[in-house]
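So the structure is just underneath, and the comments pick up after that.
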Amino acid sequence: RQGSGKKMEDTFSILYFQKNGISNGTLYKKTFIEHFEQAPMYVAVLTFLGFGVGTVFGYLRDFMRAWGLEKRNVATEREQQKDFVPLYQDFENFYTRNLYMRIRDNWNRPICSVPGPQFDLMERVTDDYNWTFRFTGRTIKNVINMGSYNYLGFAETDVNALKTVTIELQKYGTGICSTRQEMGTLDKHIELEKLVANFLGVEDAMVFGMGFATNSMNIPALVGKGCLILSDELNHTSLVLGARLSGATIRIFKHNNMQSLEKLLRDAIIYGQPRSRRAWRKIIILVEGIYSMEGSIVRLPEIVSLKKKYKAYLYLDEAHSIGAVGATGRGVVEYFGMSPDDVDVLMGTFTKSFGAAGGYIAGRKDLVDFLRTHSHSAVYATSMCPPVAEQIIRAMKCLMGLDGTTQGLQRVRQLGKNTRYFRRRLHEMGFIIYGNDDSPVVPLLLYMPGKIGAFARRMLEKNIGVVVVGFPATPITESRARFCVSAAHTREMLNTVLNALDELGDFLQLKYSRYSKSSHPELYEETRLELED
Amino acid sequence: MDIKSMKNYLYWLYCQFELITCSYLMEPWEKLLFYTFNITMLVMLLYTAYIFVPVHVSMAFQFFLHLFGNQHENTVSVVK
């Protein structure tokens, strides 16, 4: 993931082209710019130094706990099980006990209001270095929310907006108490499914109560033994779980790397199944629209051309990209100007851009009819509850303009403006940001383990709530802070956050980027013509 | 004011050291242990350097002089 710089005359930032993905001139209708800058070498060295010191002290603490010099707060085996196979000796548990516990106060923070652009936090303190917490009873009010997946700002408590939801709540109640195949299919579900199919431009859709379960329960219904799954390196756990549960053979290609995918496809077709050399029953490619840890967008035109050439199927998980990218919010398919018939299975969730819960699978009518009978979720899982379905209906109608206003389109445009502004300013300040210029997920690289805790705590002191991510979710040396820009953020809120980031970046020395450094960005304020539009 | 900015700068450097070596995350007794170890190592290093470096430098200098021809005295004489 190397970048080579190329200065342009009249822009403030420098374009990077990925070495292994020069965009094919005829496939992409707009430029595809992604950044994956590598930090200078000293950063990697210091990160390893920090982890080394942490590991040494981890061993010291483990020794003290084993010999009784220190009180044991961790989970250990019982006395009778001491001769059994040890349970807690692997690296994951070591890491959790000794490194994660020290900065644990930055995660699982309880909030006590709607997760809109600002929210309220319950204040909690720890007396024994994060082993236990207690609440002081105070709430920290109006913390700017840079962590919720509230891309279009539909997480709101405005009474007028939620009028239909209240009516449906009073009409249907909250519980379904049944599965789709028994007595859990309501007219609300039919209405929602028709609306989703209309929104995406496909023949039919089916909705499920939980987004994670949509992936993990439906992939086993679509593929089985004797099929081949080609899955991206950085796919979400729900896709990985679904692929493993299905029993098909799984092969992994490098993240967003079309040469790697093509090589796997060719090998699959030439050599067939491992021992019998028969042809694979089905080859399916699992990708996501926007990858939430990297902020990168899938190279859909190239994948579609590959799938047509090698006769494979494509399963696109648009959890983060539905509603967030595309000119009218219809996801990556619209973003690249392609037709939804090119993708065989369109999957998405309602958790992120629609302020509800649940997932959908859309595509051709025979696919969805098959899933209605064969999906595990349809047979065993409770269906979506009516108020939630109504919330999705009203959000989708707003987005499509069916409620008579242009509010939906305004939200999508505002999100695009906010995203581009935020990313541009962060690049100018000199931080290392990963991902595509149009994705609302912005990972800011922190690298060193000491800075993870310091960054999150200091941002909370400045009344800004951020999500920091460390080892199990990211590679061990690339810890990051992940910002999710929302359409509900105003320019003032974004400026507050950016100023705080500027200050903190100088104090914690986070501005590792060697390329874009605009020394006086404030001088360009007036001459910055509306490049965002 | 120079003293104040100097103190701020030193405090900031100390913060950077704490962040990089993860001593920001340590409990006070661990920090004490870590700093004691570091300072002891540093003091020993400096003491060793103070004792041995001049002797080694002069020995190396003499070795190179010996290598380039056996001239201990000044053989250049003034010819009138």
Side-chain angles (χ1 to χ4, degrees), chain A residues 42-64 69-71 73 95 97-106 126-131 446-458 468 470 479 503-512, chain B residues 1-69 71:
Chain A
Y42 74 89
V43 173
V45 170
L46 292 176
T47 311
F48 281 116
L49 173 70
F51 272 111
V53 171
T55 314
V56 164
F57 273 91
Y59 281 126
L60 175 69
R61 298 292 292 270
D62 273 351
F63 173 78
M64 289 174 58
L69 296 166
E70 187 191 343
K71 188 163 87 94
N73 284 321
Y95 179 85
R97 275 198 299 271
N98 297 310
L99 285 163
Y100 172 73
M101 277 297 172
R102 294 178 192 265
I103 43 177
R104 192 165 79 117
D105 57 312
N106 298 313
T126 172
D127 301 316
D128 51 359
Y129 300 103
N130 291 346
W131 288 100
L446 298 173
Y447 295 104
M448 293 175 207
K451 296 192 183 180
I452 304 176
F455 185 81
R457 283 175 199 152
R458 278 171 197 265
V468 285
S479 51
E503 223 179 289
L504 211 52
D506 283 327
F507 183 75
L508 295 177
Q509 287 285 301
L510 292 172
K511 299 187 177 177
Y512 300 119
Chain B
M1 280 303 111
D2 206 26
I3 302 289
K4 190 155 181 7
S5 70
M6 195 62 187
K7 279 209 305 217
N8 280 344
Y9 180 65
L10 285 177
Y11 176 69
W12 179 80
L13 270 184
Y14 170 67
C15 281
Q16 294 304 306
F17 173 77
E18 267 202 329
L19 284 172
I20 290 174
T21 57
C22 282
S23 49
Y24 173 78
L25 306 174
M26 293 179 194
E27 298 173 24
W29 62 270
E30 287 174 333
K31 263 193 210 174
L32 188 67
L33 204 64
F34 185 61
Y35 289 161
T36 314
F37 176 75
N38 276 3
I39 292 176
T40 315
M41 284 287 136
L42 196 67
V43 163
M44 287 205 294
L45 187 75
L46 288 174
Y47 181 67
T48 317
Y50 173 71
I51 299 284
F52 284 109
V53 165
V55 176
H56 279 246
V57 163
S58 71
M59 271 175 37
F61 186 61
Q62 276 184 8
F63 174 74
F64 279 116
L65 222 56
H66 186 77
L67 201 62
F68 291 136
Q71 306 164 13

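To find a chain, count down the sequence lines: A is the first, B the second, and so on, and within it residues start at 1. What you are looking at is a predicted structure, and each value in this text was computed from that prediction instead of being measured.
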Would you confirm whether A:Arg104, through its side chain, and A:Trp131, through its main-chain N or O, come within 3.5 Å as a donor-acceptor pair? yes
Toward chain A: residues of residues 17-29 of chain B with heavy atoms under 4.5 Å: B:Leu19, B:Ile20, B:Thr21, B:Cys22, B:Tyr24, B:Leu25, B:Met26, B:Glu27, B:Pro28, B:Trp29
Within-4.5 Å side-chain heavy-atom neighbours: A:Thr47 and A:Val43: yes
Tell me, side chain or backbone of A:Asn98 under 4.5 Å from chain B's heavy atoms, or both, or neither? neither
Looking only at heavy atoms, the pair that brings A:Leu99 and A:Gly54 closest together is CD2-CA, 4.2 Å
Euclidean distance, A:Phe63 CZ relative to A:Phe57 CZ, rounded to 0.5 Å: 14.5 Å
Look up atom CG in A:Leu446 and atom OH in A:Tyr512, then write down how far apart they are to the nearest 0.5 Å. 7.5 Å
A:Lys451 side chain vs A:Leu508 backbone, donor-acceptor pair below 3.5 Å: yes
Just how far is it from atom CD of B:Gln16 to atom CH2 of B:Trp12, taken to the nearest 0.5 Å? 4.5 Å
Of all heavy-atom pairs between A:Ala456 and A:Val468, which one has the smallest distance, and what is that distance? CB-CG2, 4.0 Å
With distance as the sole test, does B:Gln62 use its side chain to make a donor-acceptor pair with the main-chain N or O of B:Val57 at under 3.5 Å? no
Between A:Leu46 and chain B, which part of the residue has a heavy atom less than 4.5 Å away: side chain, backbone, both or neither? both
Which residues from residues 30-55 of chain B are near chain A, with near meaning under 4.5 Å between non-hydrogen atoms? B:Glu30, B:Leu33, B:Phe34
Could you look at A:Tyr447 and say if it's the side chain, the backbone, both or neither that has a heavy atom under 4.5 Å from chain B? neither
Enter the distance from B:Leu67:CG to B:Phe64:CZ here, rounded to the nearest 0.5 Å. 7.0 Å
Given heavy-atom pairs under 4.5 angstrom as the criterion, report whether the side chain, backbone, both or neither of A:Met64 touches chain B. side chain
Heavy atoms only: give me the nearest A:Arg457-A:Asn130 pair and the separation to one decimal. NH2-ND2, 4.3 Å
